[in-house]
Amino acid sequence: MDLRSTLQLPDAESTIPMKANLPTLEPSILAIWEERGLYAQILESRVGAPSYVLHDGPPYTNSPIHLGTALNKILKDFTVKSRTMMGFRAPYVPGFDSHGLPIELAVTKKLAAKKETVTGSALRTACREHAYEYIKIQSEQFERLGVLGLWKHPYATLDYTYEAELVRTFKKLVEGGHIYKGLRPTLWSPTSQTALADTEIVYHDHVSTSIYVRFALRHDPNQIFSEFPNLYTIIWTTTPWTIPSNLAVAFHPQLDYAIVKVGEDHYLIVSALVERIAEKLGWTDFEVVATREGINFDHMTFSHPIFDRNSLAVMAEYVTTEDGTGVVHTAPSHGRDDFYTGQKYGLPVPNTVDGKGVLTSEAGEFAGTYYKDCDTVVVDRLKEVGALLKSEPYHHTYPYAERDGKPVIFRATEQWFLSIDPIREQMLEEIQGVQWVPPVGQNRIEAMVRNRPDWCISRQRPWGVGIPVFYGKESRVPVLDPEAIEAVARLVEARGSDAWFEVDAKDILPEGYVHPETGETEFEKETDTLDVWFDSGSSSLVTLDSQVTPEWKTQGLHWPADVYFEGSDQHRGWFNTSLILGTAIKGAAPYRTVVTHGFVTDSEGRKMSKSLGNVIEPMGAANQYGADILRYWVASVDYQSDVPCSDALLKQIGDSYRNVRNTLRFLLSSAAGYDATSEGPMSEGSWADLDEWVREQADLLAADCVQKYDAFDFGGVINAIHNFCREELSKFYLDAIKDRMYCDGVNWPSRRSGQATCLYVLNQLLTLVAPILAFTAEETWMKMRDLGLHASESSIHTERFRSPSPERMQEIEGSQLQARFESLRGLRDTVNAAFEQYKGTDGIKNSQDAIVRLTLPADTFGVMSSFSISDLANYFRVSWVELTLGEPAISFAPSTYPECARSRLRRPDVTSISIEREEFLLSDRDRQVLGV
RNA sequence: GGGCUCGUAGCUCAGUUGGUUAGAGCACACCCCUGAUAAGGGUGAGGUCACAGGUUCGAGUCUUGUCGGGCCCA
């Protein structure tokens, strides 16, 4: 008789395969999801439930995705999927950021390679095509990673509807009085007469005229220098042509400044450089007569060396003692630092240089002079008025325009601004009401908002949304009229922002439109475009508030979003611009919670770069290891700091994945064949306690994991799950029930209870792991359906977490089982360790061949006595157990019992029996099953 | 150069308000099983908590500095 055939051994057909083969499995699951319309199905299953809205920060559509983008999107997917399983309606409308310089440059380069030069609308068309191409590529890549969302109707900043809504956002800002036109220094090429971006600049060696100029003290309200007559401060600059624009001199508030007596004069310069400056200026007889900290000079005034006007003493942190005098010549029109410092002190920005590089009437006597010629004209004049202390050639690197190879200048140009001061306090207040995860994020954004200057929202670039402003043709007075802007919005809605550049003003404006201020009837259009941060900063308004795409209206979206989840660099970027626009237009922050993650590095903590050769490419990893491995990786690293990734790490992740997978596989094969409709499992005998205990464990795991999901602690979730698979299941529970599952009668209550319990635990585990291992969970769920373990036609991702109710939690807390099994497992560890010592003596290698004799103190003895001896033998994996009351001791002896031919256990009740004239050693239980 | 931030076993992570001998998992070594088998089980060896000072009866935890990463600026 073949005893093996009478066992209920695991059937490989009744479970998922051991080898996952994710790279081929995942695409097949994606096809099923696609066919079902899974995303829509999930949302439908939550109609009427409260919404939880994660608003997507749009990636820039200029390249395939990289690992950082993958990390970000997977974290968002964990969030959306887990909130869905908590019962929320969690829509996800993905976004794409598609205007701006990088695309323009990429397209220009691409066309240049084909020897084409394209401008105007042809360039915009090429940019549009380029952006849509990458929207398609990125969408496919994100979907491949298992990220579910409204991929058929994402928001993209270049869509006509989106562009039109940007125009309307601008309109609302105009209505609210947030927009003004002002001057700001821009990198400017006087030769090609265009504004340039930082990326269009190269640095070359250059010889400038450097000068030392003295500024006489003019007003000293606190009488700091009253005892030092003829006091001057000295500035050093390499751009003499900006002296006519000087409005301030900057000191470092914390540096010490010396008052140096030279003849009858006193000079105020930074202490650290006195010797160097003395040598440079040829002071032979000088004396430091006093020292003062820079902070004392705040708001004093000096005299401009040429013009009869103030040069304000201001404080600036960027002042150094590297070179110069520790006093920085400040011309807000001609430098970024100068401009921001000027803003802080309320200084104007004079328009002293025109587009051709010629000084204007605002430069007084220098009007009409080319800026370069000022290097001699201004120097001569300074010499004449006695302000020039020294002039010499100076070698350094200087910015040149890449396109024509000529030097560039900073020049004040007209720009559009969004003023921050009127909303700053409100923004700071809003920040208080937002939950920042981790909490340090709040400090970061607060510092940014507190210090940020007005937002310059205009760019002199072709690839963007045109700023919808008309000018009176003669007067050049801008039309800031909502009616006129709305006319633009309607045009853009129909034909895109491209139309703004192509259609004449008169064809956009209503018939007979008159300039509200000047009465003009002829108009010209603004040529500047909106900063791309304006595009993305408006996304919550466009997507969640206006919901300009019909498909969005059915999603259950709401403004503000429940959560933003982005890299920590976005404190300066998107979180900031979104907050500005949310506050300016809706009077509130656009998010309730902001979660940030770190950046991807290699396993040494270095950033990934081609030159270091440590780049992990996400799609390569998905196709080599599987998206679930990548997802497991995302869950297992601590995303709140920088996260490491390498091939070695992904391989290691694969090992952990396999353990979880095998546990699911074994649970499923154990549950397979269970028919819930036939007579239910009985609840008696200590095996029932074991089953109840593991159900309690699974419920505790569920409670723990759901709480962790709620706190965005995905690492905690996967760790708890993996630990549970390892400790509670593989090492203990699944091992302990094997005999029952394999050898007991198919429909014995003991076996059915085991099956029902495996199914229960499997359902718990599977729902808990589904947000992370999206594909594996689905694969298992589908197999369960094939095996009749559930009847759901839908996906695991429409399921809910099976969190224990408060009553159930109370029941578990009051349960004796937890303490009993904790004690049992503790003793089991002791027995295992002791057996390791005993192993080898008496020729015994396998614990199943030994009897363990345990002498236990009263409490433990009591607990162990509550289990049957045969179950204890099972738990300890030994032949038999002998319990005695007394001083703790443990010993082993070879088992004298014969081995049951069917169950392979050596038990006291194993005796010989003849079946079909063949002798078999069998235990009572096995005889019963066989009916002999 | 400045602001913020990170540095715990070979790897990925835990370590509550400072308090026994710093914990898991993976990998590794040895062993068992061969009825989860390209699986499973047992035991074990891995740590000057980046480094150097300080506060304290007591520091992985607090503090200062140094070194090395990262982000954002300059």
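Note on naming: letters A, B, ... go to the chains in the order of the sequence lines (proteins, then strands), and numbering restarts at 1 for each one.
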Check whether any side-chain nitrogen or oxygen of [X] sits under 4.0 Å from OP1 or OP2 of [N], and answer yes or no.
X	N	answer
A:Y742	B:A36	yes
A:R661	B:A39	no
A:K839	B:C31	no
A:N659	B:G40	yes
A:R336	B:A74	no
A:K607	B:C71	yes
A:S641	B:G70	no

hbond_proxy [X] side chain to [N] base (donor-acceptor, 3.5 Å cutoff):
X	N	result
A:R606	B:G70	no
A:K651	B:A27	no
A:S730	B:A36	yes

Item to check | Conformer about C1'-N of B:G23 - syn within 90° of 0, anti elsewhere | outcome: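 This nucleotide is in anti.
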
Taking the [atom1] atom in each of [N] and [M], what is the distance between them to the nearest angstrom?
N	M	atom1	result
B:C30	B:U37	P	24 Å
B:G46	B:C6	C1'	24 Å
B:C62	B:G25	C1'	31 Å
B:C67	B:A24	C1'	30 Å

Checklist entry - Is it true that the side chains of A:H329 and A:T242 contain a donor and an acceptor less than 3.5 Å apart? => result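 Distance-only check passes for A:H329 and A:T242.
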
Checklist entry - Which sits closer to the 5' end of RNA chain B, A:E836 or A:D642, going by the nucleotide each is nearest to? => result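 Going by which nucleotide is closer to the 5' end, it is A:E836.
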
